[in-house]
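Structure first, then comments.
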Amino acid sequence: MKTIYLDHAATTATDPQVIDAMLPYFHENFGNPSSIYSLSRSTRNAIENAREILANAIGANPKEIVFTSGGSESDNFAIKGIAQALKDKGNHIITSQIEHHAVLYTCKYLEKNGYNVTYLPVDNNGIVKLEKLEKAIRPDTILITIMHANNEIGSIQPIRQIGEIAKKHGTKFHTDAVQTFGHIPVNVNDLNVDLLSVSGHKFYGPKGIGALYIRKGTKLTPLIHGGDQERRRRASTENVPGIVGFGKAVELALGIMEDEAIRQTGMRDNFIQTLLEKIPDSQLNGHPVNRLPNNINISFEGIEGESILLNLDMYGIAASTGSACSSSSLEPSHVLLSIGLTHEFAHGSVRFSLGKHTSQGELDQVAEVLPGIIQKLRAMSPRYNK
Amino acid sequence: MEQYSEKVMDHFSNPRNVGTIENPDGVGHVGNPMCGDVMELQIKVKDNIIVDAKFRTFGCGAAIATSSMATELVIGKSIDDAQKITNKVVAEALDGLPPVKMHCSNLAEEALEAAIKDYHSKQKK
């Protein structure tokens, strides 16, 4: 049975071209980029080449890019780095209730350490309200951190406008662009951001590599102390194969981004319409239009997400859920609760995220088997009596 | 997360005794406030022996599998013996559950307890 992989928001398979680009840097070109001999010059150049590719892709200067171990580190670095660097200026941070845990739990950690955090609510479509944001800004606000697009429900935030508000109040602004970069246009000047997190494995690059954009003039205390790598902003011998793979993945992603966004958006809307028509008592979560081209998140009343996933898995279909029972916390997704879903609907949510290899035929197969799965589970649910 | 055992997957994909009984002698309706799971267990009793049991469950794979296994375990047992079935017994009969899923098996134990209690209270009338 061939797997129908519809969990690209979780991770993607590394593109074979990316792997080919990385391979020489494991064995032939293994030199430490910090060393002086010529063996190391090629690794140094490879890093700077990748840095330039990313900088060009987001409208930045290469000096404004720091490579990290991934999206979570980038988020931690941005938030803790600003909190530490600007602690004499203030101790208030503004974020949203629907951030990725890498942002949310970093903020919670800072709260325990004397910082004040405002968690902005979102509307039913998962969008931050600008007037609430502006009202939340105080003289001691040092950072606003709001994600570009949500990983669960795909809603895209008005980052450009948020950035304008931040600028007006002289507050630093960070966005987690892990779900958007490589999929929709991301330009740090269009978006008015000072800091921006990206992750390689979300767009067919390797795992364990990401980057943080740090606008020139933004003071940031390092997270990892040690050697002089990354212009002293992040110690540790560079992950050269990862960085090279990251650069290659950016190149490939940009090459197909426009066409893929159109193709996936079409398939997405079609799939949503089909499922909502075929399955009664189901609803779309997230913004109907301002959403990631590849994100579909639907709740099915009266049944539980993990049961749906296990049934899908029997047909070789891989998807994910915001249900409590899939997590060790036993709480349903904070994102789904924040957009006003009842526990009932939050438990019965499934996320399908498309990728560049997803075909219409695959989605047709899912649309074929899913109604039966939902019906079977509802028949044995005491919470569905229709 | 740790994977489910083959037995869990068997009971999940082919749950035994799903549904309701006409004029049940005992009904247990319980919810797990931790994760929102709900289970309804109905039993038919003849001469102090549970002759039939049916369930409906809202919940994850573990919740459905333990519900199914619990009905299999109680059918044919006397009320006294059925009362001895704990969540541990059900989980063991399924070759174990992942640690984070152990709480799901409480549902079956509580539903059984509630159904037997309901049966006793109906007998007194």
Side-chain angles (χ1 to χ4, degrees), chain A residues 1 7 10 281-282 299-334 336-337 341-350 369-370 372-386, chain B residues 1-6 8-21 24 27-42 54-68 70-71 97-108 110-111 114-115:
Chain A
M1 190 167 54
D7 203 15
D281 304 308
S282 53
S299 280
F300 304 99
E301 190 189 347
I303 48 176
E304 202 277 330
E306 195 206 80
S307 304
I308 305 172
L309 292 195
L310 288 170
N311 272 290
L312 285 170
D313 187 46
M314 290 176 206
Y315 291 96
I317 301 162
S320 81
T321 174
S323 152
C325 263
S326 67
S327 71
S328 45
S329 72
L330 302 178
E331 272 292 315
S333 143
H334 64 289
L336 298 176
L337 294 179
L341 256 61
T342 57
H343 272 252
E344 200 98 298
F345 265 100
H347 276 292
S349 78
V350 177
V369 300
L370 190 57
I373 291 172
I374 302 299
Q375 206 180 6
K376 175 184 151 190
L377 289 170
R378 279 177 173 170
M380 68 168 99
S381 169
R383 280 193 167 184
Y384 191 82
N385 294 310
K386 290 183 190 170
Chain B
M1 200 189 80
E2 207 177 299
Q3 295 290 310
Y4 286 134
S5 71
E6 263 176 53
V8 171
M9 285 313 292
D10 174 36
H11 274 263
F12 168 74
S13 46
N14 267 311
R16 282 60 145 179
N17 307 308
V18 174
T20 52
I21 297 174
V27 178
H29 193 106
V30 295
N32 182 336
M34 286 277 274
C35 60
D37 288 357
V38 177
M39 178 178 176
E40 187 186 272
L41 176 70
Q42 306 191 334
K54 291 254 196 277
F55 83 91
R56 291 197 305 158
T57 291
F58 165 95
C60 62
I64 290 172
T66 49
S67 303
S68 165
T71 57
L97 285 170
V100 299
K101 293 288 186 181
M102 269 312 284
H103 73 276
C104 299
S105 61
N106 294 341
L107 207 60
E110 286 162 17

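Lettering follows sequence order; numbering is per chain, from 1. What you see is a predicted model; the values in this text were computed from it and never measured.
Residues B:F12 and A:E306 are not in side-chain contact: their nearest non-hydrogen atoms beyond the backbone lie 4.5 Å or more apart.
Residues of residues 377-386 of chain A placed with any heavy atom under 4.5 Å of a heavy atom in chain B are listed by number as A:L377, A:A379, A:M380, A:S381, A:P382, A:R383, A:Y384, A:N385.
Closest non-hydrogen pair, A:E304 versus B:C60, comes out as OE1-CA, 3.0 Å.
Summarising the geometry, atom NZ belonging to A:K376 is positioned 6.0 Å from atom OG belonging to B:S13; distances are rounded to the nearest 0.5 Å. The line from CZ of B:F58 to OG of A:S307 is 8.0 Å long, rounded to the nearest 0.5 Å.
The contact between B:V18 and chain A is made entirely by side chain atoms (from C-beta outward), counting heavy-atom distances below 4.5 Å. Within the 4.5 angstrom heavy-atom criterion, no atom of B:P99 approaches chain A. Neither the backbone nor the side chain of B:A63 comes within contact range of chain A; no heavy atoms are under 4.5 Å apart.
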